[in-house]
Amino acid sequence: MIRIQEGDFDLSAEIEALKDSRTDIGAIVTFTGTVRDRGSDKVIESMTLEHYPGMTEKELARIEQEAHARWPLQASLIIHRVGKLLPGDNIVLVATASAHRHAAFEAAAFLMDYLKTDAPFWKFEEGPDGAGWVDARETDGAAKARWSAKSSSKEEPAST
Amino acid sequence: MIRIQEGDFDLSAEIEALKDSRTDIGAIVTFTGTVRDRGSDKVIESMTLEHYPGMTEKELARIEQEAHARWPLQASLIIHRVGKLLPGDNIVLVATASAHRHAAFEAAAFLMDYLKTDAPFWKFEEGPDGAGWVDARETDGAAKARWSAKSSSKEEPAST
Amino acid sequence: MRLLYFAWVREKTGISSEEIDLPAHIETVGDLLRWQKTRGEEFAAAFEKDRVIRAAIDQTHARHDAAIAGAREIAFFPPVTGG
Amino acid sequence: MRLLYFAWVREKTGISSEEIDLPAHIETVGDLLRWQKTRGEEFAAAFEKDRVIRAAIDQTHARHDAAIAGAREIAFFPPVTGG
């Protein structure tokens with residue numbers, strides 16, 4: 001499931017909805033990304049998220065589909081906020097549910113790595129030292145690349 | 001932080017407490033383990049968690065300390081329930097907060113792998129086909145062992 | 001054809017989208033990037049670092065050597081920084 | 001010395017803890033495991049599969065060859081299955 005929204009999200013409510021009263025889920029992993037009050041060398045007072053409506057949903061759906069193809073997931077969720085955010089605010093939530101913990105962990109990490117390189121969002125930061133667009137990090141490309149070299153946990157023995 | 005309790009936990013409330021209004025956290029990963037309605041080959045109606053009071057806290061504190069030594073974590077939390085649980089119920093919550101997402105992901109997976117092999121909890125399952133103690137899985141030992149072979153992400157380039 | 005601009009590409013061109021008829025000689029994303037530089041001061045500045053600019057054809061990531069024939073919507077933007 | 005039993009070891013011995021003076025010849029966890037088998041039907045059944053039984057000395061995991069000298073509390077239990 002995918003949502004782009006300006007408002008905040010509530011972790012408990014989202015996970016309850018994700019579980020949907022199912023009793024065959026053994027493992028739920030969530031990743032929450034939050035606005036930090038400083039970048040590599042400067043203080044951040046606010047962050048504004050721009051995105052490409054239409055393409056964003058398309059890319060996130062593609063990424064989510066890819067995760068479901070690689071791991072035995074029972075459910076997944078990606079929520080990404082847009083608009084102006086303050087330090088401490090939530091930016092993104094990724095959640096994965098599986099019978100087994102390694103599948104849930106790997107799929108959540110995979111979703112974040114792909115989201116960071118493929119989903120059309122851009123961050124604009126403002127602070128006392130000025131304002132500017134956040135530069136993409138080369139490490140995010142490397143983080144995505146590791147999923148090409150590495151096999152999924154699908155073949156590994158089951159473990160909750 | 002470590003808690004052993006009979007009652008349930010609320011994900012949002014726990015994460016808010018973990019963040020403690022800090023604005024230098026960029027990534028929060030949670031793992032929630034839940035009771036599944038079936039084991040490998042049988043239906044499960046209830047699960048009872050026994051533990052070794054005193055040693056449990058000691059082991060979890062040791063595991064948590066090890067995670068903080070390996071990854072740059074700003075906060076962490078382990079909650080494990082004991083007593084009688086039903087399918088769908090929460091069993092365990094592990095949460096990690098870091099400036100960077102890979103540290104948070106790896107530390108959470110590490111905590112779960114160590115908890116599964118070292119923390120003195122035992123599961124007793126009951127169902128229509130009878131009752132019995134859950135057998136330990138060899139895969140859990142292998143999951144723990146991978147952290148000895150693998151280096152931590154501490155040396156990797158920073159990435160939120 | 002509809003052209004879209006995001007983040008600092010949008011800021012520098014001064015527009016977020018436009019409907020435009022492209023010259024016939026433009027066959028690839030790369031051709032289009034080079035042509036953008038000829039469209040006045042703002043576009044020259046926006047597309048100066050054309051190597052780092054990413055493109056999407058009809059909302060799908062496209063390489064600079066991708067053909068644009070048949071495209072309805074082409075977007076230009078910096079490397080993404082969400083998450 | 002205090003001995004503790006958990007999970008199916010507890011169920012089979014029928015007790016969860018006891019205070020006991022150990023024979024002097026018992027020096028290691030392994031010695032203690034072998035001695036447990038001699039303490040009647042319940043203990044023989046509980047400690048039959050002594051290889052899989054884990055031990056903790058004063059609430060720290062201990063191998064079967066660990067010395068028990070000075071221990072105040074020794075626990076026996078199956079491999080753990082929490083999480």
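Heavy atoms only: backbone and side chains are in, while hydrogens, waters and symmetry mates are out. Per chain, numbering begins at 1; letters A, B, ... match sequence-line order. Bear in mind that the values here come from a model prediction, so they are computed numbers and not experimental data.
Aromatic rings from B:F31 and A:F105 are positioned such that their centres are separated by under 6.0 Å.
With a 4.5 angstrom heavy-atom cutoff, B:A108 touches chain A via backbone and side-chain atoms both. With a 4.5 Å cut-off on non-hydrogen atoms, B:I25 touches chain A through its backbone and its side chain both. Of the atoms belonging to A:V35, it is backbone heavy atoms, and not side-chain ones, that fall under 4.5 Å from chain B.
For a heavy-atom cut-off of 4.5 Å, chain B lies close to A:P87, A:G88 in residues 81-89 of chain A.
Listed options A:D10, A:I91, A:D113, A:I15 were ranked by heavy-atom pairs under 4.5 angstrom with chain B; first place goes to A:D113. The greatest number of non-hydrogen atom pairs below 4.5 Å with chain B, out of A:T96, A:V94, A:T30, A:T32, is found for A:T30.
Between A:T139 and B:H100 there is no side-chain heavy-atom pair separated by less than 4.5 Å. Here the side chains of A:V29 and B:V29 are in contact, with some heavy-atom distance below 4.5 Å. Between A:R38 and B:T23 there is no side-chain heavy-atom pair separated by less than 4.5 Å. A:V92 has its side chain out of reach of B:R101: every pair of non-hydrogen atoms, C-beta onward, lies at least 4.5 Å apart. Residues B:L11 and A:E16 have side chains not in contact (no heavy-atom distance under 4.5 Å, counting atoms from C-beta outward).
The neighbour count for A:E126 CD, taken as heavy atoms of other residues, nucleotides or ligands under 6.0 Å away, is above 12. The environment of B:Q5 atom CD is dense: over 12 non-hydrogen atoms of other residues, nucleotides or ligands sit within 6.0 angstrom.
Between B:D37 and A:R22 there is no salt bridge, since no side-chain N of the basic residue sits under 4.0 Å from a carboxylate O of the acidic one.
Of all heavy-atom pairs between A:R36 and B:A99, the closest is NH1-CB, 3.4 Å. Smallest separation of non-hydrogen atoms from B:A143 and A:H102: CB-CE1, 3.5 Å.
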